[in-house]
4 protein chains.
Amino acid sequence: MTPRQQNRPNPARRSEASRQAILTAAFDLVGEVGYARLSIEGIAARAGVGKQTIYRWWPSKGAVLFDALLALAAQGSDDAAGAAGAADAALPDTGDLEQDLKTVLRATVEELTDPRLDGMMRALSVEIITDPALAALYAERLDGPMRELKLARLRSAQQAGQLPQDADLDLAVDMLWGVLRTTWLERSRPLTAEYADLLVRTALNGLRGPAHP
Amino acid sequence: MTPRQQNRPNPARRSEASRQAILTAAFDLVGEVGYARLSIEGIAARAGVGKQTIYRWWPSKGAVLFDALLALAAQGSDDAAGAAGAADAALPDTGDLEQDLKTVLRATVEELTDPRLDGMMRALSVEIITDPALAALYAERLDGPMRELKLARLRSAQQAGQLPQDADLDLAVDMLWGVLRTTWLERSRPLTAEYADLLVRTALNGLRGPAHP
Amino acid sequence: MTPRQQNRPNPARRSEASRQAILTAAFDLVGEVGYARLSIEGIAARAGVGKQTIYRWWPSKGAVLFDALLALAAQGSDDAAGAAGAADAALPDTGDLEQDLKTVLRATVEELTDPRLDGMMRALSVEIITDPALAALYAERLDGPMRELKLARLRSAQQAGQLPQDADLDLAVDMLWGVLRTTWLERSRPLTAEYADLLVRTALNGLRGPAHP
Amino acid sequence: MTPRQQNRPNPARRSEASRQAILTAAFDLVGEVGYARLSIEGIAARAGVGKQTIYRWWPSKGAVLFDALLALAAQGSDDAAGAAGAADAALPDTGDLEQDLKTVLRATVEELTDPRLDGMMRALSVEIITDPALAALYAERLDGPMRELKLARLRSAQQAGQLPQDADLDLAVDMLWGVLRTTWLERSRPLTAEYADLLVRTALNGLRGPAHP
DNA sequence: CGATAACCGAGACGGTACGTCAAGTCTTGCA
DNA sequence: TGCAAGACTTGACGTACCGTCTCGGTTATCG
């Protein structure tokens, strides 16, 4: 028997309408007022919901944001390359690794430039930085699946001989998307398609192995 | 004539003791209770200072944290490699770029593992993500000088023929320290000396190799 | 035709077990946590009953308390002199009015000193003060019958020539029990048998007519 | 040295305007919406004051009501016979005890008939019934002084030979005003001037007559 | 005698108010 | 005037209950 958590509300009786309203309100509000002025009371009011309905189902503001993003991902599962792409999606694989990566990173740049997604992602980032539990959840549910897609594309390239057999693919992912993420978070330089291209070129060089051993 | 700010208190009459007490209290508290529970009132109380004394000299909690880190950097200016190293410091230059970078990144890993610095840096990161003005200040006063040191070391290697003339050194810095930063912020994997080494090796490959093969 | 209330539950199908459990829980809880912390949710939980079962049969918290006291009275109908004595009981009538009244008021003092009854009566008093409808119900169902018993005893004394024919017996009841009640409610002095005795002596004097016309 | 309470706010810096606004708002609101719907938030909002300002200076809603009534008493100190009469006031003393008492009790009836004072007094009564600490405060600060005035008048009558030397004057006060209070609280009969007169006549009989015949 | 309507337990829901914490502003009195 | 102290308004926190409203699951008549 699967162990049951006790004292928890019964998910079977959960109001789907309220859940949707809350996630939508959270997403809308974070885009309108930003993270600093985002409040649970505000979300509840906007969603036309009692505060307790939020506290009943989510442990923290961050968890709500997280679910809002998850819902967004599930909804927009057609956009294979989307940062919030669904689990069954796949990165493009035309055989040309560099070109494919550029396509994907340009799309990511596009997303992070959209003010609503920018606000949402920043808010979630703050929560993740602050709350290790949420960070773990994020790693498992959002970052994990996404990373798997990326790794799959790189493995495909590896099998095609475009990357060395001993390349650290995990690190490759960090280099490509991690750098992009830091640059965006710290606003250290404008995010452009050119920047994405440069990133891909340089990182791939590093992975292809020593040019001058 | 330098443009004058009006309605501002007179810095000449500022109490240095209070300033020091506030910065110390901020640093201590962020290490003890974390960012989420850090409050201006708490800092003022710990510093034995009126709240107004904080509001008089700093525009936001983030600005206090920022100054606290600046003070820390100034104080520990002997540690050339420290993330908080002073402006006149320099990165080690033994002629062996890879080894030097490993040394520096290992030191950075060390710092980010220290709970007090970890707390402080996370707190500041949150503020920077949220507040573009603070991000700009950070870029100018802390990240900028540090980046200059890093660029200097890379330029030195470039002149020594260890890096191509057309290598994008700014991007190199992003790849090395930016990846480290993301990994730390998201706790996506444990920060170790080995990870630092791997990072250096791979990134240098990317820079050394032909960008346009 | 007797007009029927519509939309009301069918009393025939009412669960007696639940009714008893609710009244018992209400009585126990008011004794344990006091009026201020008494809640319908608490009563329902303690009684192992759904909230709706309370709302279905009682219009307010006060009404529950009222019924709880009524049930108590019906249950303890042997104690003729009890404040919660049953309808068919009678006050003692030995022929000695003063002595009989002292007996009854001492018993009342005894009851109001019992912590559980004290809590219950205070709670009910609060509801009565606040809610005129409940006050009317109380007057009709609890205070009324009790008052009738008291009046009966006084009338008996009147017929025995122990009280003037024109004495206002209603006022006499107020003077005896009303004063006791106020003293108890306001805790303005300790409730003792001696106090009861003094009360009886003095009030009877007032009723026996002018000593110095 | 008088012992000082610690951790308490400094009364010297208290805002008199806020204090007045709160007491006025409490009095007005209790008259408008009644005790059941009276809330601290409501009082704060009506007074244009932060909730914390109420919690800073009063321990409970009852304490606010108490002070509101005290303020009312101090303000209306001219009305010597008022239930809220000031400490230096005195009951009328024309030499005719019965007439004087009728005058005073009629005035009390008048007050308790005023909807605003009725609401206020009911609210305070509920709090007093519930909270022994407030009951003690009430006894000391409001009921005590008032009772002293009443006792003074009765003592004067005693010296004039209108009451026996061994009459229990405290009980006399209970009989006169206590009965009135219970009748009012329980709404057991309409409060009229006639009722007040009857009460005075009967109670005085009890006191004048021989306690031990 | 099986359907079908009701009560019942449980508890999710939109709300109101609670009492607390902290934000940022303002005032007072000391140095 | 800078400062410590702290009272002020504001607003959000997370909790407790309110009274209403489903949900399945027993009963317990009635067709």
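Sequence lines set the chain letters: A, B, ... in the order given, protein chains first and strands last, and positions in each chain run from 1.
- Residues meeting the side chain to side chain donor-acceptor pair (under 3.5 Å) test with C/Arg46, sequence neighbours left out: C/Glu32.
- Whole-Å rounding puts the C/Arg19 CZ to E/dC7 P distance at 16 Å.
- Computed from coordinates, the B/Trp58 CH2 to E/dA23 P distance equals 15 Å when rounded to whole Å.
- The shortest distance between side-chain heavy atoms of C/Leu23 and C/Leu69 does not fall below 4.5 Å.
- Interatomic distance, B/Asp118 CG to B/Arg116 CZ, rounded to the nearest 0.5 Å: 12.0 Å.
- The distance between atom CD1 of B/Ile43 and atom P of F/dG6, rounded to the nearest whole Å, is 19 Å.
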Contact letters for nucleotides 12-21 of chain E, in which S counts primed atoms plus P, OP1 and OP2 and B counts the base, heavy atoms under 4.0 Å: BBBB-SBBBB
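- Both cation-pi conditions hold for C/Arg14 and C/Trp58: the charged atom is under 6.0 angstrom from the six-membered ring centre and inside a 45 degree cone around its axis.
- Counted by atom type alone, D/Glu127 and D/Tyr35 present one or more donor-acceptor pairs between their side chains at under 3.5 Å.
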